[in-house]
Amino acid sequence: MLFIFRHYFAHSCSKLSLFSIKDPTFNKITCLNILYYHSHVYPFSYSSRKLCSWPQIYYPSNSRPLLAQTQFVNFYCSSAPTWLRGPPSRSLRKRMNRRARAASKPVLDESRFQRAVTQLPPRFTPEELRDVMTSENDPLVCLELFNWASKQHRFRHDVSTYHVAIQRLGEAKMYEEMDHIVNQVLAVPSIGSEALFNSMIYYFTEARKLTRAVMIYKHMLNSRKLDCRPSIKTYNILFAALLSRRNNSYINHMYMDTIRSLFKQMVDNGIEPDIFSLNTMIKGYVLSLHVNDALRVFHQMGVVYQCQPNSFSYDYLIHGLCAQGRTKNAKEIYDKMKCKAFIPSSKSYNSLVNSLALGGEVDEAVKFMWEMNENRRTIDFITFRTVIDEVCRQTSVKDAIGLLKELQNKDIIDGLTHSKLLCELEDDVHNLNVRNRYRFHAAWTLIYVGVAKKYLVFHGNER
């Protein structure tokens with residue numbers, strides 16, 4: 001049976017006829033594209049399998065005969081011409097990823113598994129199985145040992161064996177196999193502990209399965225066993241997962257509502273937040289551009305919550321305030337940090353120096369930059385460039401060159417960085433001269449226009 005599909009599209013010097021022919025050998029449809037390009041025909045397949053050759057190919061009756069040689073080219077193979085290749089479709093990418101995952105799965109070492117089985121006595125206990133699973137480094141052997149023990153007569157897993165199996169599979173990133181064991185734990189209400197559920201939540205958050213982690217958290221809330229209820233460690237794992245890998249302020253704003261609800265639920269359940277929880281709230285508010293809420297939590301530390309701020313608390317606030325241009329408040333937080341003998345991080349120092357320089361306080365920015373060097377904090381290239389540009393713009397080019405030379409003499413910057421900064425300074429000076437020249441011409445133009453207007457008004461009144 002012959003299916004003929006014809007499709008034409010406008011392309012420079014190209015014309016495409018698309019039809020398909022049923023393969024009697026493999027009983028499948030293989031798509032052939034006949035591309036007329038400079039009297040050459042390139043039938044190519046969208047399938048990743050190799051094309052089969054047919055003794056005769058039937059073309060439409062109204063099509064021209066093939067004048068050139070026919071070459072079969074796989075659409076995604078490396079031998080295809082550059083102009084003929086294209087990005088794989090979404091379904092093809094999924095199939096390729098699925099095959100890659102299937103090919104990368106480890107193979108069970110039968111000898112190692114049998115050796116582990118021989119270490120167990122005839123009527124072994126869960127504690128003895130846990131010890132053998134703990135000593136086994138291969139996660140696939142550990143999983144096979146767990147499944148083999150489940151089929152033994154009169155043996156029941158306990159919390160310890162479940163915990164070891166989940167830890168081994170989670171460390172090996174075998175999340176699908178770990179999910180099956182988690183379902184077994186959730187099916188038995190009498191089995192569970194806080195440490196076991198915390199491990200489940202942690203490895204699900206590592207796999208970015210936040211919905212699954214929240215489900216385990218709700219299971220802990222509804223548990224009748226007091227030793228399975230969420231603790232401060234449970235909330236800290238969830239806080240860290242919701243804030244990690246998020247650099248978009250809008251996404252942080254959306255996740256901050258969830259973090260705020262979790263924090264309120266933690267406090268309502270009578271769990272006292274620790275320094276990690278409070279710093280997570282401060283960091284979350286800063287990343288979501290709610291700096292005033294971060295300041296509120298900061299001032300509640302030591303008053304409402306029995307926990308004093310550490311260096312991370314100050315660093316988050318300094319960076320958030322500088323990002324919003326609130327340099328005065330950032331300097332106040334810096335003074336409080338200095339009174340407690342804390343040294344800001346490189347990120348906080350760089351934010352403070354950039355904010356001071358852009359705010360016009362060049363002398364303060366230079367002073368903090370020398371202080372960074374004394375405290376052995378890394379000064380990034382953007383900070384160097386911002387300070388030198390502002391010195392050049394607000395004072396003079398001579399001062400900027402002198403500062404750059406002083407930085408090189410004190411071995412704060414290397415030769416490559418010095419060359420880059422010098423090139424940037426030359427470009428800024430050139431742009432500044434162009435702007436000044438434009439302003440000069442514009443000012444004289446306005447003067448000429450004003451004089452002309454006055455002349456016309458004066459002579460018009462005389463007439």
Side-chain angles (χ1 to χ4, degrees), residues 90-120 124-152 155-189 191-220 228 230 233-234 236-246:
R90 185 176 180 181
S91 59
L92 179 59
R93 289 198 304 269
K94 286 184 178 180
R95 291 197 301 271
M96 292 169 62
N97 293 334
R98 195 180 305 115
R99 292 169 186 169
R101 286 194 299 268
S104 62
K105 284 187 177 181
V107 181
L108 177 64
D109 190 352
E110 292 289 345
S111 61
R112 195 167 183 175
F113 168 70
Q114 295 298 333
R115 195 183 312 118
V117 171
T118 56
Q119 297 178 8
L120 294 172
F124 57 91
T125 61
E127 289 77 13
E128 294 171 340
L129 177 62
R130 178 202 60 194
D131 295 337
V132 175
M133 292 173 62
T134 304
S135 62
E136 185 58 52
N137 296 325
D138 191 349
L140 199 59
V141 174
C142 184
L143 175 63
E144 191 67 20
L145 196 62
F146 179 87
N147 294 331
W148 173 82
S150 303
K151 301 175 183 178
Q152 301 304 310
F155 178 82
R156 294 293 180 271
H157 290 286
D158 63 355
V159 175
S160 61
T161 55
Y162 281 116
H163 199 177
V164 172
I166 289 174
Q167 282 183 335
R168 285 286 182 271
L169 297 175
E171 291 172 358
K173 297 183 179 181
M174 300 171 63
Y175 301 117
E176 185 178 355
E177 293 80 1
M178 186 189 75
D179 203 6
H180 294 315
I181 299 181
V182 169
N183 291 331
Q184 296 179 25
V185 176
L186 298 180
V188 184
I191 294 180
S193 66
E194 178 201 338
L196 176 61
F197 290 131
N198 286 341
S199 297
M200 294 180 187
I201 294 175
Y202 173 75
Y203 289 116
F204 278 132
T205 55
E206 285 292 310
R208 305 307 299 168
K209 296 182 178 182
L210 298 181
T211 305
R212 189 71 166 150
V214 172
M215 189 200 69
I216 302 296
Y217 164 74
K218 292 181 179 179
H219 181 82
M220 296 176 70
C228 294
K233 187 176 181 180
T234 309
N236 287 340
I237 294 172
L238 292 173
F239 290 153
L242 292 171
L243 278 182
S244 63
R245 307 175 190 176
R246 303 293 175 187

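Excluded from the calculations below are hydrogen atoms, water molecules and symmetry mates; all remaining heavy atoms, backbone and side chain alike, are included.
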Just verifying a value: how many Å separate Lys209 NZ and Met215 CE, rounded to the nearest 0.5 Å?
11.0 Å

Crowding at NZ, Lys233 (>12 non-hydrogen neighbours, <6.0 Å)
no

Which pair of non-hydrogen atoms, one from Pro230 and one from Tyr217, has the smallest distance, and what is that distance?
CG-CE1, 3.9 Å

Find out whether Val117 and Val132 are in side-chain contact, i.e. whether some heavy atom of one side chain is under 4.5 Å from a heavy atom of the other.
no

Sequence-distant partners of Arg156, salt bridge (charged side-chain N to carboxylate O under 4.0 Å, His left out), two or more places apart
none

Tell me, do Ser199 and His163 make a side-chain contact under 4.5 Å, heavy atoms counted?
yes

Dump the intermediate steps for side chain to side chain contact (heavy atoms under 4.5 Å, CB included) on Arg168 and Phe146, then the final yes or no.
CA-CA 11 Å; Arg168 285 286 182 271; Phe146 179 87; over 6 Å; no

How far does CG of Leu140 sit from CG of Leu169, to the nearest 0.5 angstrom?
9.0 Å

Which residue is it: Leu196, Val185, Ile201? I am looking for the one with a side chain to side chain contact (heavy atoms under 4.5 Å, CB included) to Ile216.
Ile201

Does the pair Glu136 and Arg112 meet the rule for a salt bridge (Lys or Arg N to Asp or Glu O under 4.0 Å), with working shown?
CA-CA 9 Å; Glu136 185 58 52; Arg112 195 167 183 175; 2.7 Å; yes

Assess whether side-chain hydrogen bond (donor to acceptor under 3.5 Å, both in side chains) is satisfied between Asp158 and Thr161, documenting all intermediate values.
CA-CA 6 Å; Asp158 63 355; Thr161 55; 3.3 Å; yes

Nearest heavy-atom approach of His157 to Ser150 is NE2-OG, 2.7 Å

Heavy atoms only: give me the nearest Gly192-Val159 pair and the separation to one decimal.
N-CG2, 3.7 Å

I'd like to know if the side chain of Gln114 reaches the main chain of Ser111, judged simply by a donor and an acceptor atom lying under 3.5 Å from each other, with no hydrogens or angles considered.
no

Which pair of non-hydrogen atoms, one from Phe155 and one from Pro126, has the smallest distance, and what is that distance?
CE1-N, 3.7 Å

Atom CE of Met200 and atom OG1 of Thr234: how far apart are they, to the nearest 0.5 Å?
12.0 Å

How many angstroms lie between CG in Leu129 and OG1 in Thr134, if you round to the nearest 0.5 Å?
9.0 Å

For Tyr202, look at atom OH and say whether over 12 heavy atoms of other residues, nucleotides or ligands are found less than 6.0 Å away.
no

For Asp179, the salt bridge (charged side-chain N to carboxylate O under 4.0 Å, His left out) test, sequence neighbours excluded, returns Arg212

Take Tyr203 and Lys173, measure what side chain to side chain contact (heavy atoms under 4.5 Å, CB included) needs, and give me the verdict at the end.
CA-CA 8 Å; Tyr203 289 116; Lys173 297 183 179 181; over 6 Å; no

Look at the aromatic rings of Phe124 and Trp148 and report parallel, tilted or perpendicular, splitting at 30° and 60°.
parallel

One should read off an interatomic distance between Asn236 CG and Asn198 CG, to the nearest 0.5 angstrom, of 10.0 Å

So CG of Leu143 and CD1 of Ile166: to nearest 0.5 Å the spacing works out to 11.5 Å

